[in-house]
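Inspection log for the structure reproduced underneath, given as structure tokens.
Atoms considered below: every heavy atom in the structure, side chains included; atoms not considered: hydrogens, waters and symmetry mates.
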Amino acid sequence: MSTQRKQFPFTEFESRWQKHWVSSKAFQASNPGDPGFDPSRPKYYILDMFPYPSGDGLHVGHVEGYTATDILARHHRMRGFNVLHPMGWDAFGLPAEQFAIKTGQHPRVTTARNIEKFRSQLQALGFSYDWDREFGTTDPGYFRWTQWIFLKLYNAWFNPQTRKAEPISTFTGSDPDSVRLAYVAEMPVNWCPELGTVLANEEVVDGKSEVGGFPVERRPLRQWMLRITAFAERLIEGLDGLDWPESIKLLQKNWIGRSEGAQVRFQIPGGDSEVSVFTTRPDTLFGATYMVLSPEHPLVPRITTAEQRAAVEEYQKKVASKSDLERTDLAREKTGVFTGASAINPVNGEALPIWIADYVLMGYGTGAIMAVPAHDERDQEFARQFGLPVREVVRERKAANEETVPGHQGGCFSGEGIAIHSGFLDGMETAAAKRAISSWLEERGLGHATVNYKLRDWLFSRQRYWGEPFPIVWEGGKHRAIDEGELPVVQPEMEDFKPTGTPEPPLSKAREWVRYSGNAQRETNTMPQWAGSCWYYLRFCDPKNSSHFIGADAEKFWLSSSGTPGSVDLYVGGTEHAVLHLLYARFWHKVMFDLGHLTTPEPFQRLVNQGMILGPDGQKMSKSRGNVITPDSVIEDYGADSLRLYEMFMGPLEQTKPWSMKGVEGGHRFLARVWRLGLQENQEGGWELSPDLADIPFTLAQARVVHETIKKVTADISSLSFNTAISQMMVCTNEFVNAKPRPLAALRILLPLLSPFAPHLAEELWSRLGFEGAASAQPWPVHDEALLVETEIEIPVQVNGKLRDRIRVPAQASKEDVEAAARASAKIIESTAGQSIVKIIIVPGKLVNMVVRPA
RNA sequence: CCGGGUGUGGCGAAAUGGCAGACGCAUUGGACUUAAAAUCCAAUGACCUUUUUGGUCGUGCGGGUUCGAGUCCCGCCACCCGGACCA
């Protein structure tokens, strides 16, 4: 702010209250069994998304979400809820490790420093977290249980009969390792030479690493995987019971990518090979004119003919070196190579040439397709490129009165229609043809109807130092779990945790640590950052428990006592976690639920995404644009309350909105006006009680505004409409600014209403006015509906929908009386002159509309 | 290309199908002041009109439903954010 003098002494009292709240544990939540726990109060678990404590500190986007949840937490406490509102740190992760490598400082040191900074910034905003529950994912007391949960996954399988995770002991097959929820597989993975690590698909953006933007290539490697695909169906079904934005549910559904179709097996003559394909259009089987395998398909070397071998291998090599960006560039021309082999189309015995092409992905379906160029755009493009035949087998259905036109102009027809040139399918609608061909294939053992998912198993290992070590040892080429009693498995102290430059993880350099026993070695991979953030909301319920990951009583009370499938009542955070974090957490939660460790099937009942805050220039905030607003600087100039209030006043929580310093000043001015309702500045520059204050009753008008304010603020907080709640408090404040004498009762009601938004100022004023207790501990005010009823109201009178006059009528006036009053209006008589009144619409208490027509 | 979101004054925004623009910012005028800042009061969608009383138009564009549409339906446009050869 440009002025030298503060409008109110926030620098002095804000930090004082912050210290008081922390040292008095003002917002501590008690668990069942704790002294002071009151089971008659319902629970409210409100959670912010776990922050990664980066070196840059908090930004204004964090503040937006955190302020919203803080308002709700404070509001619920005042309404008598047991409120669980915790905060902690998602502290493992690549940036800390990268920084450590660059500076030579141990990531533990920099992580601790960043956490310090984050915590002090959060406390400087007056958020009402229960700091006794704070923890970080890097605390051995926490990751001990992350490792424990991994062991639960390792020792469980998905029973397709019960559709549930069960202990591996219930598996009756011969090879339990083939069904574990945590398993080892040789997988083509994203290897980033620069980072010296493998990345998850999610961490690769446009063929480059999300962190650092380095090129990524594909390599087969032995990896730990989590069998999330087994839960695909349940992860879709579970969404129904959740109060999430529909757009987020859709995002998750699309990510899981369920599609119904069929698997079809094609024999390859001259050998005992066959190739399986997945197709959503088995009805077009007669239209297949060639086949394509992914270049990585294991069958490729076996079927390639001698003449084609050189070309095929060259193509495979070229594809392998391509980044994902190049490979998925839609604009580029299709490429591919003929293998020399053919497969037999089971429906008509035709020989189909088998090609390899990188537009077929190994990771989806079976990594092979039957190409139907007449009815698939990609296949058609490829067929054109290489001069392959096109055969039409679906005719577009035309409107009844039109002549049906076989053949198509230009593009290709990929919709549903009527089967043609398809033998026994001819004349069938697409849906019927799909059913017919599926059972035809099944009867002959050539295929079957099936469901395929886009979702893939979760690549769960990383070649890094700063993550949770696996509680696994290797002996004689086989993995086994270490004893639960040996947890946590802590990383060794290492001087050098740089990547080895090979896929060998940094931990492999700690020779002593790796040697577990005479012939057993520790697993040297570490878990991804997602692991720690997958279950932190559970630990917050019972963070100190050293014998269980969460105690049964705490679990029941905080997670399941509201009777919803979800556990956390409200979860607020950015859209960037719409898919991965939320999906992973739901997956783990379901496993723990199946295994009997949790009593709810879903983690987060209600989800809200706060919108992005743009820079003052309307652009995304970024260092390079130089438009970053830091909370620290705003707090310094205007105080924490002003920052909180402004961010809530900007607009709807979920909307993207630009920053305005002038807007901050407006909020600041409002708070100053509230301050001056109670206090005035004396000659020495100190603040004393305003002489205008008096213990007098409200006027009728004042009482109405106050009770309207209680009503609206209460309703608006519940609907997360913080901006309109604030504007109503402004209206209320403006009502009293010039009231002399000014009823003390106004502040007695306004300050508790304001306290969730601007807790420091509310508390300070409350205590200076000599009110008893704390503003934040007052019961939430209740409005008196009787004070809101008006005796006489003004209603608009329209003629043909256009406003012509306003009339005053008693609030309880009958329709007849209102009509009479409207007809009596001079302006109405004038504007209806010479016309006949056809109809009169009267909405009681709202308006009158006269429909007239020239007479 | 696909999906999602948004479009209302100079700006951020309000508005169960019922008086469009609450509240805030900015601007202008006034009060207070030696002066300024702060504060308080007033005006502030556009256009027309003879001051006024008044009138016309107005929620991205084009249609529709309705006594009445920012709001509901159909068809477009623009911008923002995601995803992307998923067979």
Side-chain angles (χ1 to χ4, degrees), chain A residues 2-5 7 206 245-248 250-251 253-255 257-259 261 277-281 284 292 294 327-332 334 357-361 363-372 375-379 381-382 414 452-456 575-576 578-579 611-612 614 618-620 645-646 649-652 654-667 669-670 672-673 676 681 721 723-731 733-734 737-738 794-806 827 838-843 845-852:
Chain A
S2 48
T3 55
Q4 314 79 348
R5 202 164 38 122
Q7 290 209 26
D206 289 344
E246 281 307 314
S247 59
I248 300 290
L250 198 63
L251 230 46
K253 279 184 196 159
N254 291 345
W255 187 266
R258 181 186 201 278
S259 59
V277 305
F278 172 74
T279 175
T280 54
R281 293 297 300 270
T284 62
V292 187
S294 154
R327 214 177 144 158
T328 59
D329 182 5
L330 278 174
R332 75 176 238 278
K334 296 248 181 305
D358 65 358
Y359 83 93
V360 173
L361 310 172
Y364 183 76
T366 62
I369 61 160
M370 62 177 212
V372 185
H375 304 291
D376 183 286
E377 239 174 282
R378 298 153 299 178
D379 295 346
E381 205 184 311
F382 189 83
S414 57
N452 194 49
Y453 299 93
K454 219 155 77 180
L455 183 69
R456 306 179 202 176
T575 349
E576 64 272 18
V579 178
M612 207 189 333
L614 305 174
Q619 302 281 93
K620 215 180 225 178
L645 190 95
Y646 169 65
F649 188 60
M650 289 173 89
E654 303 184 51
Q655 194 168 301
T656 301
K657 38 211 178 284
W659 188 269
S660 154
M661 264 319 167
K662 288 291 184 186
V664 182
E665 286 183 29
R669 274 203 284 271
F670 160 65
R673 221 156 40 237
R676 289 193 308 265
E681 200 168 15
S721 308
N723 54 334
T724 50
I726 292 168
S727 83
Q728 182 61 39
M729 289 190 280
M730 288 172 167
V731 169
T733 302
N734 293 343
V737 163
N738 287 313
E794 187 183 77
I795 61 174
V797 182
Q798 301 177 335
V799 175
N800 284 349
K802 287 187 204 279
L803 180 69
R804 287 292 176 240
D805 196 16
R806 299 187 171 95
K827 285 181 194 159
V838 179
K839 194 173 172 186
I840 297 185
I841 286 120
I842 296 167
V843 184
K846 283 286 182 193
L847 61 41
V848 178
N849 188 11
M850 299 194 177
V851 186
V852 301

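If you take CD of Glu381(A) and P of rC85(B), they are 13 Å apart, rounded to a whole angstrom. We find that CD1 of Ile841(A) is positioned 18 Å from P of rG17(B), with the value rounded to whole Å. What separates CG of Asn254(A) from C1' of rC2(B) is a distance of 9 Å, to the nearest Å. At whole-Å resolution of the value, CD in Glu654(A) and P in rG12(B) are 19 Å apart. Between the CD1 atom of Ile248(A) and the P atom of rG83(B) there is a distance of 12 Å, rounded to whole Å.
Nucleotides rU71(B) and rU8(B) are separated by 12 Å at their C1' atoms, to the nearest Å. Using P as the reference atom, rG30(B) and rA37(B) are 13 Å apart when rounded to the nearest Å. Using atom C1' as the reference point in both rA26(B) and rG64(B), the two lie 40 Å apart (nearest Å). For the P atom pair drawn from rA15(B) and rC79(B), the interatomic distance equals 28 Å after rounding to whole Å. Across the P atoms, rG82(B) and rG29(B) are found 45 Å apart, a figure rounded to whole Å. Distance noted for atom C1' between rC72(B) and rU66(B): 10 Å (whole Å). rA42(B) sits 28 Å from rC48(B) when the P atoms are compared, rounded to a whole Å. The gap from the P atom of rA69(B) to that of rG58(B) amounts to 11 Å, rounded to the nearest Å.
For Arg673(A), a side-chain nitrogen or oxygen approaches OP1 or OP2 of rG24(B) to under 4.0 Å. When the side-chain nitrogen and oxygen atoms of Asn723(A) are compared with OP1 and OP2 of rG12(B), none of them lie within a distance under 4.0 Å. Contact check, Arg669(A) against rC25(B): a side-chain N or O comes under 4.0 Å of OP1 or OP2. When the side-chain nitrogen and oxygen atoms of Gln655(A) are compared with OP1 and OP2 of rC80(B), none of them lie within a distance under 4.0 Å. Listed pair Ser259(A) / rA87(B) meets the phosphate criterion, a side-chain N or O lying under 4.0 Å from OP1 or OP2. Side-chain nitrogen and oxygen atoms of Lys802(A) include none within less than 4.0 Å of the OP1 or OP2 phosphate oxygen of rA20(B). A close approach under 4.0 Å does occur between a side-chain nitrogen or oxygen of Asn734(A) and OP1 or OP2 of rG24(B). Side-chain N/O atoms of Gln7(A) include one lying less than 4.0 angstrom from OP1 or OP2 on rU39(B).
Base pairing in RNA chain B yields stems of at least 3 consecutive Watson-Crick or G-U pairs, both distances under 3.5 Å, namely B:1-7 with B:77-83, B:10-12 with B:23-25, B:27-31 with B:39-43, B:45-48 with B:54-57, B:60-64 with B:72-76.
The environment of CD in Glu377(A) is sparse: at most 12 heavy-atom neighbours from other residues, nucleotides or ligands sit within 6.0 Å.
When distances are taken from the side chain of Lys657(A) to each of rG3(B), rC23(B), rA13(B), the shortest belongs to rA13(B). Here the nucleotide nearest the side chain of Arg676(A), chosen from rA87(B), rG18(B), rC40(B), is rC40(B). The side chain of Pro658(A) approaches rG12(B) more closely than any other nucleotide in the set rG12(B), rG18(B), rA87(B). Closest to the side chain of Ser247(A), out of rA87(B), rG4(B), rG18(B), is rG4(B). The nucleotide whose nearest atom lies closest to any side-chain atom of Lys620(A) is, among rA87(B), rC81(B), rG18(B), rC81(B). When distances are taken from the side chain of Asn738(A) to each of rG82(B), rC41(B), rC67(B), the shortest belongs to rC41(B). The side chain of Ser727(A) has rA22(B) as its nearest neighbour among rA22(B), rG18(B), rC40(B). Closest approach to the Leu803(A) side chain among rC23(B), rG3(B), rC19(B) is made by rC19(B) (side chain taken as heavy atoms from C-beta onward).
Within the 4.5 Å cutoff, no side-chain heavy atoms of Val372(A) are placed close to those of Arg281(A). Residues Tyr359(A) and Ile369(A) have side chains in contact (heavy-atom distance under 4.5 Å, counting atoms from C-beta outward). Looking at heavy atoms from C-beta onward, Asn849(A) lies out of side-chain contact with Lys839(A) at the 4.5 angstrom threshold. In this structure, Val797(A) and Arg804(A) have side chains that are not in contact, with every pair of non-hydrogen atoms separated by 4.5 Å or more. Between Ser294(A) and Val360(A), some side-chain heavy-atom pair lies under the 4.5 Å cut-off.
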Query - Worked check of side chain to side chain contact (heavy atoms under 4.5 Å, CB included) between Val848(A) and Ile841(A) - result: CA-CA 6 Å; Val848(A) 178; Ile841(A) 286 120; over 6 Å; no
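A donor and an acceptor atom never sit less than 3.5 Å apart when one is taken from the side chain of Lys662(A) and the other from the base of rC11(B).
With its glycosidic angle more than 90° from 0, rG21(B) adopts the anti conformation.
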